[in-house]
Amino acid sequence: QVQLGESGGGLVQAGGSLRLSCAASGRTFSNYGMGWFRQAPGKEREFVAAINWRGSRIYYADSVKGRFTISRDNAQNTVYLQMNSLKPEDTAVYYCAAVRGLPNSDYDRSVSYDYWGQGTQVTVSS
């Protein structure tokens with residue numbers, strides 16, 4: 001079992017930055033691939049970014065590429081999402097997720113992940 005807890009969300013103006021953190025406990029964190037997803041009101045949950053256990057494979061949704069950066073610190077059992085140049089359309093609840101062994105092709109599907117955090121709200125004002 002892996003427990004995940006997100007933090008770092010908040011209200012920011014367009015063009016601003018936020019850094020989300022996801023702290024993991026339970027199983028050996030370094031065995032797990034990690035993902036960030038988001039869900040806006042009335043919309044389906046969508047993929048944002050993913051990283052494998054040692055950071056050698058990183059993926060981004062096209063909508064955030066060049067603005068967001070995913071990283072992890074296995075010693076701290078934490079994965080991060082640095083979000084720059086935020087836009088109002090980035091407003092959503094952001095979730096981190098974990099899977100034992102990041103899949104090669106389905107890393108962007110929420111069903112591929114076994115554990116989820118409770119989410120943190122990010123609101124970008126125009």
Side-chain angles (χ1 to χ4, degrees):
Q1 193 78 1
V2 175
Q3 293 81 39
L4 302 173
E6 302 93 337
S7 61
L11 173 64
V12 64
Q13 288 189 333
S17 299
L18 282 174
R19 188 175 83 154
L20 304 183
S21 300
C22 174
S25 61
R27 299 286 187 174
T28 305
F29 177 70
S30 59
N31 289 341
Y32 287 81
M34 302 296 296
W36 284 99
F37 289 74
R38 66 187 182 186
Q39 188 166 19
K43 295 187 176 182
E44 293 188 353
R45 191 169 297 188
E46 65 174 2
F47 170 75
V48 175
I51 186 169
N52 72 333
W53 70 275
R54 61 176 180 175
S56 59
R57 291 165 51 211
I58 291 177
Y59 307 99
Y60 295 101
D62 288 343
S63 58
V64 306
K65 203 171 293 183
R67 300 188 298 122
F68 290 11
T69 302
I70 188 172
S71 62
R72 65 188 295 161
D73 183 340
N74 289 339
Q76 298 295 323
N77 289 355
T78 302
V79 63
Y80 303 98
L81 185 69
Q82 177 67 43
M83 305 186 296
N84 298 330
S85 302
L86 283 161
K87 305 175 181 180
E89 51 263 43
D90 294 319
T91 295
V93 177
Y94 283 70
Y95 300 89
C96 68
V99 58
R100 187 175 176 90
L102 189 69
N104 290 321
S105 60
D106 290 336
Y107 53 83
D108 56 350
R109 300 184 65 205
S110 58
V111 295
S112 297
Y113 294 80
D114 300 313
Y115 304 100
W116 291 84
Q118 80 288 351
T120 185
Q121 176 70 47
V122 171
T123 303
V124 184
S125 63
S126 57

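Since the model is a prediction, treat every value here as computed from it, not as a measurement.
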Euclidean distance, Arg109 CZ relative to Glu46 CD, rounded to 0.5 Å: 15.5 Å

Holding to side-chain contact (heavy atoms from CB on, under 4.5 Å), I want the full list of residues that pass it with Asn52, two or more places apart in sequence or in another chain. Arg54, Ser56, Arg57, Leu102

All heavy atoms of Pro88 vs all of Ser126, minimum pair found to be CG-CB, 3.8 Å

Looking only at non-hydrogen atoms, find the nearest pair between Ser125 and Leu11 and report the distance. CB-CD1, 4.4 Å

dist Ile58:CD1 -> Met34:CE (nearest 0.5 Å) comes out at 13.0 Å

Separation between CG of Asn77 and OG of Ser30, rounded to the nearest 0.5 Å: 8.0 Å

Given side chains that start at C-beta, do those of Val93 and Phe37 come closer than 4.5 Å, heavy atoms only? no

With clusters defined by side-chain heavy atoms of hydrophobic residues (ILVMFWY) lying less than 4.5 Å apart, directly or transitively, does Leu81 cluster with Trp116? no

Taking C-beta and beyond as the side chain, do Trp36 and Met83 meet within less than 4.5 Å on heavy atoms? no

Listed once per pair and sorted, the side chain to side chain donor-acceptor pair (under 3.5 Å) pairs that draw on residues 85-96, sequence neighbours left out: Arg38-Asp90, Arg38-Tyr94, Arg67-Asp90

For a 4.5 angstrom cut-off between non-hydrogen side-chain atoms, does Leu20 reach Glu6? no

To the nearest 0.5 Å, tell me how far Cys22 SG sits from Arg72 CZ. 10.0 Å

Is there a path of hydrophobic side-chain contacts, each under 4.5 Å between heavy atoms of I/L/V/M/F/W/Y residues, joining Ile51 to Tyr115? yes

Phe47/Tyr59 aromatic ring centres below 6.0 Å: no

Out of Thr69, Val48, Asp108, which one pairs with Tyr60 under the side chain to side chain contact (heavy atoms under 4.5 Å, CB included) rule? Thr69

Which atom names give the shortest non-hydrogen contact between Ser112 and Asp106, and what distance separates them? OG-O, 2.7 Å

Evaluate the side chain to side chain contact (heavy atoms under 4.5 Å, CB included) criterion for residues Tyr113 and Tyr107: first the C-alpha distance (whole Å), next the side-chain angles of each, then the deciding distance (0.1 Å), finally the verdict. CA-CA 8 Å; Tyr113 294 80; Tyr107 53 83; 4.0 Å; yes

All heavy atoms of Ala24 vs all of Leu4, minimum pair found to be CB-CD2, 3.6 Å

Interatomic distance, Gln82 atom CD to Leu18 atom CG [nearest 0.5 angstrom]: 8.5 Å

Looking at Asn74 and Phe29, would you say the former's side chain and the latter's main chain have a donor-acceptor pair under 3.5 Å? no

Quick one: list whatever passes side-chain contact (heavy atoms from CB on, under 4.5 Å) with Lys43, sequence neighbours left out. Ala40

Stepwise side chain to side chain contact (heavy atoms under 4.5 Å, CB included) check, Phe68 with Leu86: CA-CA 9 Å; Phe68 290 11; Leu86 283 161; 3.8 Å; yes

Within the distance-only criterion (no hydrogens, no angle test), does the side chain of Tyr32 pair as donor or acceptor with the backbone N or O of Ala97 below 3.5 angstrom? no

